[in-house]
Every structure is written in C-alpha cells, then in structure tokens.
2 protein chains.
Amino acid sequence: MKIDPSNPADLSAQIAGAIRDAIIAGTLIVDERLPSEAELAEQFDVSRPTVREALKRLAAQSLIRTQRGATGGAFVNRLSFEAAQPQQITTSTLLLSMNAVSFSTACEARYALERACAPLAAARRSADHLATMRAEIHRQGQPGLTDEAFCASDVAFHRALVDGAGNPVLSYQLAGAVEAMQPLMNMITFTARDRARIIDLHTRIADAVEAQDDAATAQGLTALERETQALAERVFEARKPRS
Amino acid sequence: MKIDPSNPADLSAQIAGAIRDAIIAGTLIVDERLPSEAELAEQFDVSRPTVREALKRLAAQSLIRTQRGATGGAFVNRLSFEAAQPQQITTSTLLLSMNAVSFSTACEARYALERACAPLAAARRSADHLATMRAEIHRQGQPGLTDEAFCASDVAFHRALVDGAGNPVLSYQLAGAVEAMQPLMNMITFTARDRARIIDLHTRIADAVEAQDDAATAQGLTALERETQALAERVFEARKPRS
DNA sequence: GATTTTCATATGTCTTACATTTAATGTTTG
DNA sequence: CAAACATTAAATGTAAGACATATGAAAATC
C-alpha cells in the first residue's frame with residue numbers, strides 16, 4: 001500500500017483509497033484491526049490528522065468502525081445489508097431530487113423493479129409478509145390519515161411485497177428505488193376517491209400474492225402504476241396554471 | 001443546525017449528520033458554498049480538525065466538493081448518477097463478498113432485475129445499444145480470450161441491455177447488481193462449449209431486442225439464467241471433492 | 001489598456017498537547 | 001484466597017497554533 005505525495009489529490013483521499021482497495025482485494029479481512037493511527041501515519045509518512053481524515057472517509061462508507069480504549073482501534077466492518085440500506089436510500093433520494101428526474105421516470109423504474117419481484121414473492125411469500133401487507137392496507141383505509149402517513153404506509157406495503165421475494169440482494173436494491181419515491185409521492189394530495197382506488201389495487205395484489213398467482217400480481221402492479229401515473233399527471237397538471 | 005456535546009457519538013459524525021440533513025431537507029442548495037472551516041468551527045464550537053473530519057465524511061459520499069484558494073471552500077455537490085454509480089458498485093460487491101451470499105441468490109436477483117428491463121429495452125432500444133451488444137457478442141467469440149475478459153464482456157453486454165431501457169434510475173440501480181456479480185463469475189472457468197452456449201443465448205436476446213419482442217427477450221434472459229445457474233453448479237460441484 | 005505583481009483568503013498539512021475511554025495489571029482488603 | 005478497588009498504559013477524540021500552497025482579485029507597473 002503506497003501513496004504518491006506528488007499526486008495533486010488529497011493525501012487523505014489517497015490513503016483512504018489504498019485501504020479501501022486492500023479491503024476489496026481481501027488483503028484486509030473482516031474484523032481485522034488496522035494499525036493504530038500513529039503507526040499508519042508513520043507507514044504513509046504523513047501526520048496523524050491526515051490519517052484520521054482518511055479513516056473518517058472510510059467510516060462514512062461503513063467500511064470500518066473505530067473503538068476507543070486500550071484494545072481499541074479501527075476495524076474492518078462486515079458490511080451488512082442493514083447498514084448499507086440507509087445509505088443507499090439517502091443516495092437514491094438525493095439523486096432524484098437533485099437531477100430533476102421526472103415523477104414518471106422514477107415511477108416507471110420503481111414498478112418495473114417491483115414486477116421483477118412478483119414471481120418470486122408469489123412463490124415464496126410467508127404468512128408474515130402477507131400479514132404486514134394486510135395490516136398496511138387496513139391502515140390506509142382509516143379516516144383522518146394524513147397524506148404523508150398514507151405514503152409511508154404505501155412504502156411499507158411495497159417493501160413487504162419485495163421482502164416476500166426472500167432474496168436479500170433484491171430487497172437491498174429495491175429499498176432505494178421504493179423509498180426514494182416517497183418524497184415525490186408526498187407532493188401529491190390524495191382524495192378519498194384516489195385512496196379507495198389504491199387500496200382496492202393493493203387488496204388485489206395481496207390477494208394475488210396469497211394465491212401465489214404471479215401473473216395476477218404483475219398485472220396488479222401494472223394497474224397500480226397506471227393509476228399512480230395518471231393521478232400524478234392530474235395533480236401536476238392542476239398546479240401548472242399557478243406558476 | 002445544532003449538535004449535542006454530551007452525545008457519546010463523535011462530534012465529527014454529528015456535524016456531518018447535521019450538514020447532510022440540511023442538504024437532504026433542501027436548506028443547502030446545490031453549488032451553495034458552506035461557511036469556511038474556521039467559521040463552521042466557531043458555529044459548532046469545535047476545533048478546525050473536527051470540522052475537517054466532518055467535511056471529509058461528506059466528501060466521501062460525494063455530497064460536497066472542496067476547492068482551495070481565495071474563493072475556495074466546500075460546495076454542495078450535484079450528486080450525479082455517474083458519481084454515485086462507482087460507490088454503488090463498490091458497496092454491492094462488498095455486500096456479496098462479505099455476507100456469504102450464494103451464487104444462486106445473487107444470480108437470481110440479477111436476472112429478475114434484468115427481466116424487469118426487458119419490456120422497456122425492447123420498446124426503446126437504440127441502434128447504439130444494439131451495436132454495443134453485437135460488438136460484445138463478437139468479442140466473446142474470439143479465440144484466446146481469458147475467462148476474465150469474457151466475464152467483463154458479459155457485463156458490458158448486459159449493461160448495454162439495461163441502458164437500452166432508457167431509464168437512468170433503472171440503469172443506476174442495476175449497475176450494482178450486474179457489476180457485483182463479476183467477481184463471482186470470475187471464479188468460474190468457461191469451456192469452449194460453455195462459451196458457445198452463452199454466446200448463442202446472447203445472440204438470441206439481441207435478436208429479440210432488435211425485433212422489439214419483449215416476451216422473447218424475457219425468455220432469453222430466463223434461459224440464460226438457467227444456463228448460468230447450471231454451469232455454476234457444475235463448477236462448484238466439481239471443486240467440492242478437493243476440499 | 002494590458003500585463004505583472006502583490007495580497008488576502010481558504011484549504012491542505014504538520015506538530016504538539018491534552019482529554020477520554022477502556023482493558024489489563026497491580027494492590028489492597030475482607 | 002478471592003473480590004473489590006486503584007493504577008496504568010494504549011488507543012482514539014479533541015484542541016490550538018503554525019506553516020505551506022493554491023487561487024482569485026485588486027493594485028501597481030509598463
């Protein structure tokens with residue numbers, strides 16, 4: 001692991017990159033302890049603050065954790081799906097909000113990905129996932145629910161569907177797509193009639209999953225996508241004249 | 001934006017979190033300049049190194065960039081799909097390698113997601129994407145190609161397929177799933193017969209996409225998934241006795 | 001008026017120091 | 001002898017000050 005002092009890039013970035021590469025290459029194993037900050041500083045021939053900046057960069061990506069005290073130090077993290085998911089969601093959310101991605105594009109991606117889960121979810125759905133879906137449908141029908149709470153419940157419903165596929169890799173990838181839609185959905189106001197339609201489609205999807213009918217599940221999702229797209233179009237169209 | 005000195009968490013982590021929240025909430029706009037390190041240090045009542053550690057955390061996530069010089073400082077980044085993709089790929093790769101995700105699970109997720117792109121890719125594929133797919137198929141047939149280069153070409157082929165869907169959100173999400181499979185695929189040795197079968201299926205898929213036949217595209221992907229799963233099973237089975 | 005020089009400002013880095021946490025070690029005491 | 005307590009050492013966390021360096025803008029010069 002070497003760095004180039006003549007490189008215009010920050011030393012801390014170079015050091016972080018070198019350690020990251022070592023982790024990816026398997027030179028550094030999970031739970032292995034890195035040399036102490038002082039030792040790293042000597043190895044790379046830089047000062048301790050510079051090493052610390054590099055370690056913070058890695059900590060921000062959950063690649064390492066640090067522990068104080070006598071047997072403390074920096075340890076290579078076992079990157080878990082649970083730890084990676086929040087970051088994935090944050091990044092996805094910012095990507096949508098900063099790049100003027102249209103509602104339509106994001107919605108298309110989300111439902112395309114969910115349809116990918118339909119066959120697996122239909123085949124493997126557990127009683128647990130079904131119960132969650134039913135519970136969220138029930139919550140969505142309660143009067144006095146704010147639009148925001150309705151959206152949150154919608155997300156929970158879809159995550160239960162995705163988790164029903166029983167594939168952690170799928171769940172991880174889709175968490176970003178599903179959750180990142182929430183801020184966009186929150187811009188929409190749902191009339192009672194809108195909610196009724198959505199709840200109806202949710203019920204149809206849950207029934208299809210319970211019956212292990214993958215085709216019907218996919219059709220339900222497609223219908224829900226159409227409904228959502230049309231609803232968004234109506235809402236955004238109605239707001240346009242104001243601007 | 002406030003931090004709690006009595007919080008057991010690192011001050012730099014708290015500061016990074018506060019700034020990150022401000023970016024997500026829209027309090028800090030894209031390309032807006034943050035206060036200088038010295039000013040931030042005063043605002044949060046911490047030292048400059050602590051502020052710097054916080055900024056490095058944010059830089060590691062591409063949320064900010066820094067510039068030296070008179071009009072320099074830390075600026076809120078417009079998070080682009082191009083910048084987010086490498087991180088997404090790194091994370092996905094590490095997730096697979098560190099969590100003992102089976103080849104079968106990762107493969108299932110990858111092909112499920114790709115099938116989600118099939119209808120869109122069939123409908124929108126451009127001459128450009130088709131040309132890339134054909135070129136990669138041709139490359140895969142060349143003699144003397146190493147297994148690693150064959151895998152890299154395979155990834156390029158599938159990325160062209162995904163990009164053909166013309167949805168940046170989909171491309172971003174799938175980049176992780178497709179690229180993260182490469183290290184796993186690299187563990188496989190491809191016989192000439194294996195390669196011929198895969199190239200044949202690739203051709204079938206490219207033909208289907210060109211003909212804008214979404215059903216045939218999905219079927220081709222399913223056949224390719226079966227082929228890949230069977231191949232991996234054979235290879236891993238053959239290696240087992242050794243251990 | 002165009003070019004060069006100077007200068008102010010901000011980040012990048014180093015040095016030193018002290019605070020705090022934590023486990024291991026040593027010591028005292030019942 | 002054992003358990004509770006105090007000590008110590010090692011590591012990270014934080015602070016303060018200094019210097020190096022890059023860079024845009026203003027001032028001086030031709």
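Chain letters run A, B, ... following the sequence lines, proteins first, then strands; residues in each count from 1. Predicted, not measured: the structure shown is a model, and the values here were computed from it.
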Salt bridge present between A/Glu225 and A/Arg110 (N-O < 4.0 angstrom): no

Run the salt-bridge test on A/Asp31 and A/Arg65 with the 4.0 Å N-O cut-off and return the result as yes or no. yes

For A/Arg68 and D/dG13, give me the distance from atom CZ to atom C1', rounded to whole Å. 5 Å

Which pairs, with at least one residue in residues 171-183 of chain A and sequence neighbours excluded, count as a side-chain hydrogen bond (donor to acceptor under 3.5 Å, both in side chains)? A/Arg159-A/Glu179, A/Asp163-A/Ser171, A/Gln173-B/Gln88

Rounded to the nearest angstrom, tell me the gap between atom CD in B/Glu53 and atom C1' in D/dG13. 8 Å

Quick check: any donor-acceptor pair below 3.5 Å linking the side-chain of A/Arg48 to the base of D/dG13? yes

When you measure from the side-chain N and O atoms of A/Thr71 to the phosphate of C/dA24, is any distance below 4.0 Å, counting only OP1 and OP2? no

Pairing donors with acceptors under 3.5 angstrom, does anything connect the side chains of B/His129 and B/Arg124? no

How long is the line joining CD of A/Gln67 and P of C/dT21, in whole Å? 14 Å

Are B/Glu53 and B/Arg57 ion-paired here, with the side-chain N under 4.0 Å from a carboxylate O? no

OP1 or OP2 of C/dC14 under 4.0 Å from side-chain N/O of A/Ser47: yes

Tell me which of B/Arg33 and B/Pro49 sits closer to the 5' end of DNA chain C, going by the nucleotide each one is nearest to. B/Arg33

Whole-Å distance between C/dC14 P and B/Arg52 CZ? 11 Å

5'-most by nearest nucleotide on DNA chain D - A/Leu34 or B/Asp45: A/Leu34

Round to a whole Å and report the spacing from CD of B/Glu42 to C1' of D/dA15. 15 Å

Distance, rounded to the nearest Å, where A/Phe44 contributes CZ and C/dT13 contributes P: 14 Å

With heavy atoms under 4.0 Å as the rule, sort B/Arg65 into base, sugar-phosphate or nothing. nothing

Check the distance between D/dT21's P and A/Asp10's CG and give it to me in whole angstrom. 15 Å

Write down the distance between CG (B/Leu11) and C1' (C/dT20), rounded to a whole number of angstrom. 12 Å

Determine: side-chain N/O of A/Thr66 to OP1/OP2 of D/dG13, distance under 4.0 Å, yes or no. yes

